[in-house]
Amino acid sequence: DAGVIQSPRHEVTEMGQEVTLRCKPISGHDYLFWYRQTMMRGLELLIYFNNNVPIDDSGMPEDRFSAKMPNASFSTLKIQPSEPRDSAVYFCASSLGDSTNEKLFFGSGTQLSVL
Amino acid sequence: AQSVSQHNHHVILSEAASLELGCNYSYGGTVNLFWYVQYPGQHLQLLLKYFSGDPLVKGIKGFEAEFIKSKFSFNLRKPSVQWSDTAEYFCAVNARGTYKYIFGTGTRLKVLA
């Protein structure tokens, strides 16, 4: 398996623009997570899905952020409008949901810079 | 709600020095505990995990961690670090029966050759 695939690897945009980050989880994994990494806050959980259904979105910073998972092999995280404080590395991760051998598999991340 | 505290944000050690990174969590129920590592230019990956049983768990590359329930701690240790251990280390917790992983802020370890 190719692992968790995220695109783009880098995104530079101007304040006010819409940004869409994409993620393809590992085939067969039931859980998908979106995290944001900053120096100040470390890895923050934004939202996670189980079988394409959002389970907990309490970490989404505000209404400018939205995430979808239209099918088991694809998820998007959208920021509209983007702001400079959204600059961070955004990680997607997936897991099998096996309570006896649970672990997260991370993608390589998207480095977002909002100017 | 769960939370995780990592006390050391930056650690610099010489090769062969011993390492201990602190991790404390806040949660009243039963938890699963993890340490993840991010080597420069690589994905975050699992270093070790504790679900139940022996509170001293061993992971890859000579790392180990001890779960002390009374202290809500899960500190990471390695008796002798190598230059290749330079990385960022994250402690994480999820409540047993859930898949909501909460991470600490991370510790950046730099090992001097």
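The figures here come from the full heavy-atom set of this structure, side chains too, leaving out hydrogens, waters and symmetry mates. Numbered from 1 within each chain, the chains take letters A, B, ... in sequence-line order. Note that the structure is predicted; figures quoted are calculated from it, not measured.
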Part of [X] within contact of chain A (heavy atom distance under 4.5 Å):
| X | value |
| --- | --- |
| B:Arg96 | neither |
| B:Leu46 | side chain |
| B:Gln45 | neither |
| B:Gln42 | neither |
| B:Phe34 | side chain |

Could you state the interatomic distance from [atom1] ([X]) to [atom2] ([Y]), rounded to the nearest 0.5 Å?
| X | Y | atom1 | atom2 | answer |
| --- | --- | --- | --- | --- |
| B:Thr105 | A:Met40 | OG1 | CE | 9.5 Å |
| B:Lys100 | A:Ile47 | NZ | CD1 | 11.0 Å |
| A:Lys103 | B:Asn32 | NZ | CG | 14.5 Å |

What do you reckon, is [atom1] of [X] surrounded by more than 12 foreign heavy atoms closer than 6.0 Å?
| X | atom1 | value |
| --- | --- | --- |
| A:Asp63 | CG | no |
| B:Arg77 | CZ | yes |
| A:Glu83 | CD | yes |

Among the options A:Asp56, A:Leu104, A:Leu45, pick out the one with the most heavy-atom pairs lying under 4.5 Å from chain B.
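Among A:Asp56, A:Leu104, A:Leu45, the one with the most close pairs to chain B is A:Leu104.
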message: With a 4.5 angstrom heavy-atom cut-off, is it the side chain or the backbone of A:Phe91 that approaches chain B, or both, or neither?
response: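 For A:Phe91, the side chain is the part near chain B, not the backbone.
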Exercise. Checking heavy atoms, do the side chain of A:Thr38, its backbone, both or neither come under 4.5 Å from chain B?
Worked result: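 For A:Thr38, there is no contact with chain B at all, as no heavy atom is under 4.5 Å.
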Quiz item: When you look at B:His9 and A:Met39, which way does the side chain to side chain contact (heavy atoms under 4.5 Å, CB included) test go after all the steps?
Solution: CA-CA 10 Å; B:His9 296 293; A:Met39 288 287 288; over 6 Å; no
Q) B:Phe103 and A:Tyr35: aromatic ring centres closer than 6.0 Å? A)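 Between B:Phe103 and A:Tyr35, the centre distance is under 6.0 Å.
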For residues [X] and [Y]: do they belong to one hydrophobic cluster (side chain heavy atoms under 4.5 Å, members Ile, Leu, Val, Met, Phe, Trp, Tyr)?
| X | Y | result |
| --- | --- | --- |
| A:Trp34 | A:Tyr31 | no |
| B:Ile12 | B:Tyr39 | no |
| B:Tyr89 | B:Leu13 | yes |
| A:Phe33 | A:Ile5 | no |
| B:Val31 | B:Phe51 | yes |

Do you know which two heavy atoms are closest between A:Gln37 and B:Phe90, and how far apart they sit?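 That would be NE2-CZ, 3.2 Å.
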Quiz item: For the side chain of B:Tyr99 and the backbone of A:Gly97, is there at least one donor-acceptor N/O pair under 3.5 Å apart?
Solution: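 Here the side-chain-to-backbone pair exists.
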Test side chain to side chain contact (heavy atoms under 4.5 Å, CB included) applied to B:Gln38 and A:Phe106, step by step: CA-CA 10 Å; B:Gln38 186 175 27; A:Phe106 282 85; over 6 Å; no
